[in-house]
Amino acid sequence: MKFKRFAAILLVLGMVVPAAWGLAATAAMDQVQQTVDGVIATLRDKGMESEARRQKLTGLIRARFDFETMSQWVLGPAWRKADTTEKSRFIALFSDLLEATYLGRIEAYTDEKVSYAGEKVEGERAQIDTFVLTAGADIPITYKLVLRGDQWLVYDVIIEEISLVRNYRSTYNEIIRREGMSGLFTRMEEKIRELKATEGQG
Amino acid sequence: MKPAGKLVVLLLLVALTALCPAARAQDVFNPTGAGAPSAPADLEADELFEEEPLEVWDPIEPFNRGMFWFNDKLYFYLLKPVARGYRAVAPEPVRTSVGNFFSNLAFPVRFVNSALQLKIGDAGNELRRFLLNSTVGVAGLFDPAKQNGWLKKEEDLGQTFGRYGVGSGFYLVMPVFGPTNLRDGVGRLGDGYLDPVPFLVPGTLEYVGVKAYDRVNALSLDKDTYEGIKREQLDPYLFIRNAYTQRREALIEK
């Protein structure tokens, strides 16, 4: 179970770039490259204060991920039953949670190589396939993007055949079934607190 | 909680029978339902929107959670410290080669199961990988086949069963071995007969030792996957149960 690779996401987004330079870049590729370049540059800027770095990374992540679409898909059936307040609360918590997760991961970044395996663009959807090359194995990571206005945004990440959105969808619905929406919110808030408390300690 | 090869599961037997199929079709997710924010039409057509949350049949969840707890302790108090100590003394290239060696040794499992699924091309690929890596690759310590673009493809008996329509049965967490399900667990027993290790070592104790070493070596190459899951997920048990299931489904499809 290589979810650590989860972390790799932004990294990957980043490293994808050099390999892609040789290709005729599409808009999707271009924009992913910009984000990736930004993330890499920020991570490598050792002179930057850690709080400033975190804010910079947060900005880059928020701009490239479509948290609202992800939220709808993650809640799935429960989204329909939720009222407006619950929906916006979920989107806010889910964004915070993913962000805290990524920040923790990204800071554990250790120069793993990423190879770019291909991209597909169909209308307003795009898919970018990559491999993270580690000592133990090559880990396939696929990014799914949707076009919003003129921006391509990530709405799912598939690591070793495991879709994060599908995984969250299943686990969150299970928690809602057992503990209700309020139980889910409580758990999410606790987790965000925990992750923030340990930030920067890795 | 580990290597790709050990993960497992499936959708087929899921407890969907309890639901009325006709009702389910529209009930899944109705983006046009009251109060739903307007998602662009193209997204509504996406397969994700049509899909039930992945349900895993887990009738013995209390037992499984007990085993999960046991494995968790085993991991943090035994396996991980040993792997960490080993990592400190064995350089990474050595550990990578050890991993290659064990992987090469498991060739019969991949070869036979490719053949059983009538994937003749895959079986041939495994055979040439084995021949090249066992010779040029010095008894499997290196993986020159990969540089030729001959990539390893995981196949096992659980996948073979799945390929022929066998459902996963209930989800099962085994002590020491971790997540599996009825189908994959039985498959693992069957695959045991294709494992050459018992023929290469004198007795049971040595066999267990070799297997443990394989496990610790693999763990030493892992970058704290399990720690990440524990730290980040709301319910690590549910997360792993779903991930195992998704991954096994995908492997069977391939």
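Per chain, numbering begins at 1; letters A, B, ... match sequence-line order. The figures here come from the full heavy-atom set of this structure, side chains too, leaving out hydrogens, waters and symmetry mates.
- Between chain A and the residues E227(B), E253(B), R95(B), K146(B), the most heavy-atom pairs under 4.5 angstrom are made by K146(B).
- Contacts of R187(A) classified as side chain to side chain contact (heavy atoms under 4.5 Å, CB included), with partners at least two apart in sequence or in another chain: I175(A), E179(A), L234(B), D235(B).
- Side chains of V176(B) and R215(B) form a contact here, defined as non-hydrogen atoms less than 4.5 Å apart.
- Residues meeting the salt bridge (charged side-chain N to carboxylate O under 4.0 Å, His left out) test with K56(A), sequence neighbours left out: none.
- A salt bridge links K191(A) with E194(A): the distance from a Lys NZ or Arg NE/NH1/NH2 to an Asp or Glu carboxylate oxygen falls below 4.0 Å.
- Heavy-atom distances place no part of I192(A) under 4.5 Å from chain B, backbone and side chain included.
- Neither the backbone nor the side chain of K152(B) comes within less than 4.5 Å of any heavy atom in chain A.
- Here R178(A) is the residue among M188(A), E190(A), R178(A), K81(A) with the most heavy-atom pairs under 4.5 Å with chain B.
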